[in-house]
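Questions regarding the structure given below will be posed in turn.
One-based numbering along the sequence shown. Predicted model only: the values in this text are computed from it and were never measured.
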Amino acid sequence: MNVNLFDEGFDCPEVEFIQMARPTLSLSKYMQMIGRGLRVHPDKRLCVLIDNAGLYRSFGLPDAERDWVAMFVGETVGKGYIKRRLRNEIRTVNNEMDVVANHSRLCLRSETEREKYFEKAEPFEKDGRWGLRVGNDVILRPVYRRITPFVGKYSTYELSPNRRGVLLRNGRPYIQAQFRSIEILPNGDSIMTRSEISKRKVHLDTTLTDTKDLWEWWGS
């Protein structure tokens with residue numbers, strides 16, 4: 001075991017077990033600690049992560065997609081964001097253990113298996129926040145203000161007031177939360193409203209999903 005000794009810059013690919021017992025407010029520290037066990041090795045099939053400090057509740061799973069630019073300016077989960085949230089919000093804490101992913105999900109190998117699994121994803125609410133789950137599997141911890149029911153493979157999520165985006169069934173943002181309102185239509189179209197005078201219809205099955213592309217399309 002180590003106590004704050006091999007968190008950073010330690011490369012031992014054979015590590016198969018990580019138990020995190022210390023809290024941190026830093027996303028980079030969290031990723032570095034997890035990273036000690038995520039190195040690839042020909043004799044290693046998987047790495048077991050036990051998160052006694054509940055860090056995944058703040059930072060997400062290791063393979064979650066992250067908006068690094070927004071994190072570094074303090075708009076999303078990171079050190080500055082969490083400090084502000086701890087100061088400004090009353091948090092509900094309980095002693096229940098969250099099962100984030102069970103064996104059946106970890107063993108999904110083919111793209112077809114993953115698609116069938118995520119087809120069953122549905123929003124759920126806990127302590128005033130919304131996430132996604134498949135049965136008892138929590139695939140997206142409750143972090144959003146609201147997640148609407150899926151229309152096909154798309155849903156809308158609310159990050160903060162007047163900041164909504166489009167979410168996929170696997171819990172990953174498809175379009176970042178930068179719209180006042182979004183209405184998803186059954187044919188795959190969506191009506192996106194940025195302001196009272198700025199409203200467009202967008203077909204979601206396009207390549208127009210990058211934040212940079214959206215800014216260029218709407219005008220900065």
Side-chain angles (χ1 to χ4, degrees), residues 1-86 91 93-109 111 113-114 117-118 121 124 126-127 129-134 136-144 157 159 167-174 176-177:
M1 62 174 293
N2 86 89
V3 179
N4 221 25
L5 182 62
F6 298 127
D7 291 353
E8 306 171 17
F10 176 73
D11 187 14
C12 180
E14 293 91 342
V15 172
E16 296 181 331
F17 181 91
I18 297 289
Q19 183 174 13
M20 295 179 294
R22 58 152 291 176
T24 180
L25 297 178
S26 170
L27 171 60
S28 59
K29 170 67 74 173
Y30 168 71
M31 296 299 289
Q32 286 167 335
M33 291 190 295
I34 287 178
R36 300 316 101 200
L38 299 185
R39 303 299 194 269
V40 177
H41 189 273
D43 295 330
K44 183 169 71 173
R45 188 174 64 87
L46 53 81
C47 175
V48 176
L49 301 174
I50 294 184
D51 183 7
N52 295 111
L55 300 178
Y56 81 92
R57 298 172 188 259
S58 297
F59 300 117
L61 297 179
D63 61 348
E65 291 188 353
R66 293 177 172 85
D67 188 339
W68 293 102
V69 174
M71 187 275 289
F72 282 121
V73 299
E75 292 181 354
T76 187
V77 173
K79 195 165 186 177
Y81 174 89
I82 292 178
K83 283 183 177 178
R84 290 200 306 273
R85 192 179 69 183
L86 290 175
R91 303 184 66 195
V93 179
N94 57 46
N95 295 319
E96 297 178 3
M97 177 179 290
D98 286 354
V99 178
V100 180
N102 66 16
H103 182 71
S104 62
R105 179 188 170 196
L106 294 174
C107 290
L108 296 175
R109 291 289 183 263
E111 186 65 28
E113 286 178 318
R114 287 193 293 271
Y117 175 84
F118 288 121
F124 75 98
K126 182 178 180 181
D127 297 331
R129 293 284 174 172
W130 288 78
L132 295 177
R133 65 185 174 193
V134 176
N136 292 325
D137 290 353
V138 176
I139 61 174
L140 174 66
R141 72 196 193 286
V143 293
Y144 294 122
Y157 68 99
L159 184 62
L167 198 67
L168 295 174
R169 284 188 178 270
N170 61 11
R172 295 184 175 180
Y174 186 64
Q176 297 297 324

Evaluate the side-chain contact (heavy atoms from CB on, under 4.5 Å) criterion for residues Glu16 and His41: first the C-alpha distance (whole Å), next the side-chain angles of each, then the deciding distance (0.1 Å), finally the verdict. CA-CA 10 Å; Glu16 296 181 331; His41 189 273; over 6 Å; no

Answer yes or no: is there a side-chain heavy-atom contact under 4.5 Å between Leu38 and Met31? no

Taking the side chain as every heavy atom from C-beta outward, state whether Arg36 and Ile34 have any pair of such atoms under 4.5 Å apart. no

Ser28 and Ser26: side chain donor to acceptor below 3.5 Å: yes

State, without any angle test, whether Asp137 and Tyr117 hold a side-chain donor-acceptor pair at a distance under 3.5 Å. yes

When you compare the side chain of Pro142 with that of Leu132, does any pair of heavy atoms fall below 4.5 Å? no

What I'd like to find out is whether the side chain of Asn170 reaches to under 4.5 Å of the side chain of Ile139, using heavy atoms alone. no

Enter the distance from Arg129:CZ to Asp127:CG here, rounded to the nearest 0.5 Å. 10.5 Å

Check whether Lys44 reaches the backbone of Gly37 with its side chain - one donor and one acceptor, N or O, closer than 3.5 Å. yes

Would you check if the side chain of Lys126 reaches a backbone N or O of Gly131 as a donor-acceptor pair within less than 3.5 Å? no

Find the distance between NZ (Lys29) and CG (Leu55) and round it off to the nearest 0.5 Å. 11.5 Å

Would the distance check show the side chain of Tyr157 and the main-chain N or O of Tyr144 forming a donor-acceptor pair, the cut-off being under 3.5 Å? no

Pair Leu49, Phe17 - check side-chain contact (heavy atoms from CB on, under 4.5 Å), show working. CA-CA 6 Å; Leu49 301 174; Phe17 181 91; over 6 Å; no

Report yes if the side chains of Leu167 and Arg172 come closer than 4.5 Å at any heavy-atom pair, otherwise no. no

Within the structure provided, determine whether Val138 and Phe124 are in side-chain contact (heavy-atom separation under 4.5 Å). yes

Between the main-chain N or O of Ala121 and the side-chain N or O of Arg169, is there a donor-acceptor pair closer than 3.5 Å? yes

Flag the pair Ile18 / Cys47 as yes when at least one side-chain heavy-atom distance between them is below 4.5 Å, and no otherwise. yes

Would a distance-only check, ignoring hydrogens and angles, find a side-chain to backbone donor-acceptor pair under 3.5 Å from Arg141 to Tyr56? yes

Taking the side chain as everything from C-beta on, heavy atoms only, tell me whether Met20 gets closer than 4.5 Å to Tyr30. yes

